[in-house]
Amino acid sequence: EPEVTQTPSHQVTQMGQEVILRCVPISNHLYFYWYRQILGQKVEFLVSFYNNEISEKSEIFDDQFSVERPDGSNFTLKIRSTKLEDSAMYFCASVYGYSGNTIYFGEGSWLTVV
Amino acid sequence: ELKVEQNPLFLSMQEGKNYTIYCNYSTTSDRLYWYRQDPGKSLESLFVLLSNGAVKQEGRLMASLDTKARLSTLHITAAVHDLSATYFCAVVVETSGSRLTFGEGTQLTVNP
């Protein structure tokens, strides 16, 4: 079965540092997403990306965050000047088209800010 | 603002028993998803429900959707230990884009 792959699986960073989380969506998918899950809590939407631009973002996705698709395969989430409360699991997801298709999630990147 | 509520949040049941997890949402939805998550792992898609009255079954799990009541159920039949996980429902409202809004999750423990 096709899968969404994410790297790194776990990253520890010092407060104030920048991190880049990487995702390779499923190859023919058109819509890409980042979600996060703080330990023990529900999954929260961050941003959606279509046609090389952000299509929607949540209140969480402020100027500290950015996304880009630098080439035809990778989809990255950059977090500038990390804070302790950014510690979470970050999931990338993709879907071919959003009318009723399965949205596939990657294995996640655990980010620990110390 | 769309709200998605699941209950129960914690469910401990014996093997062989049946139970239902409920997912209520606050506004008209276009699609409803059920996901399974094992501890520290990703979200595994279980079902996508698109229309009122939709019912889907896979093994011991059956999901249904009542769009008029804004309610979906995930029914577990004759539970086995391997079903122990956290189950999330998630709703899409297309007038709000394609984002998934998740419920809090139901942590299911199936005891031998």
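Letters A, B, ... are given to chains in the order of the sequence lines, protein chains preceding strands, and every chain is numbered from 1.
Atom NE2 of H10(A) has more than 12 heavy atoms from other residues, nucleotides or ligands within 6.0 Å. Within 6.0 Å of CG on D63(A) lie no more than 12 heavy atoms contributed by other residues, nucleotides or ligands. The number of heavy-atom neighbours closer than 6.0 Å to CD of Q14(A), taken from other residues, nucleotides and ligands shown, is 12 or below. Heavy atoms from other residues, nucleotides or ligands lying under 6.0 Å from CG of L39(A) number 12 at most.
A chain of hydrophobic side-chain contacts below 4.5 Å, direct or via other Ile, Leu, Val, Met, Phe, Trp or Tyr residues, connects Y90(A) to M15(A). Cluster membership check: Y33(A) shares its hydrophobic cluster with V48(B), using side-chain heavy-atom separations under 4.5 Å among Ile, Leu, Val, Met, Phe, Trp and Tyr. In the hydrophobic cluster analysis, where Ile, Leu, Val, Met, Phe, Trp and Tyr join through side-chain heavy atoms closer than 4.5 angstrom, F91(A) is grouped together with W110(A). A continuous path of Ile, Leu, Val, Met, Phe, Trp and Tyr side chains, each step under 4.5 Å between heavy atoms, connects Y87(B) with I76(B), placing both in one hydrophobic cluster. Under the 4.5 Å side-chain heavy-atom criterion for grouping Ile, Leu, Val, Met, Phe, Trp and Tyr, F32(A) is not connected to V24(A) through any hydrophobic cluster.
For residues 38-71 of chain A, the set of pairs meeting the ring-ring contact (aromatic ring centres under 6.0 Å, His included) definition, not counting sequence neighbours, comprises Y31(A)-Y50(A), Y35(A)-F45(A), F49(A)-F75(A), F61(A)-F65(A).
How far OH of Y33(B) is from OG1 of T102(A): 7.5 Å, rounded to the nearest 0.5 Å. Between the NZ atom in K42(A) and the CG atom in L9(B) there is a gap of 11.0 Å [rounded to 0.5 Å].
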Counting only pairs under 3.5 Å, give me each side-chain donor-acceptor contact of residues 57-73 of chain B, with atom names and distances, residues two or more places apart or in other chains.
from	atom 1	to	atom 2	distance (Å)
Q57(B)	NE2	G59(B)	O	3.4
R60(B)	NH1	A78(B)	O	2.8
S64(B)	OG	T73(B)	OG1	2.6
D66(B)	OD1	K68(B)	N	3.0
D66(B)	OD1	A69(B)	N	3.0
T67(B)	OG1	N52(B)	OD1	3.2
R70(B)	NH1	S26(B)	O	2.8
S72(B)	OG	W34(B)	NE1	2.9
S72(B)	OG	S64(B)	O	2.7

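Interface residues of residues 40-47 of chain B toward chain A, defined by a heavy-atom distance below 4.5 Å and sorted by number: G40(B), K41(B), S42(B), L43(B), S45(B). Within residues 102-112 of chain B, the residues having any heavy atom less than 4.5 Å from a heavy atom of chain A are, in residue-number order, F102(B), G103(B), E104(B).
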Problem - Test side chain to side chain contact (heavy atoms under 4.5 Å, CB included) applied to R99(B) and S48(A), step by step - result: CA-CA 7 Å; R99(B) 68 165 77 179; S48(A) 59; over 6 Å; no

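Among G108(A), A93(A), G106(A), S55(A), the residue making the largest number of heavy-atom pairs under 4.5 Å with chain B is G106(A).
Q6(A) does not touch chain B: none of its heavy atoms, backbone or side chain, sits under 4.5 Å away.
Looking at I103(A) and L100(B), their side chains come closer than 4.5 Å, going by heavy atoms from C-beta outward.
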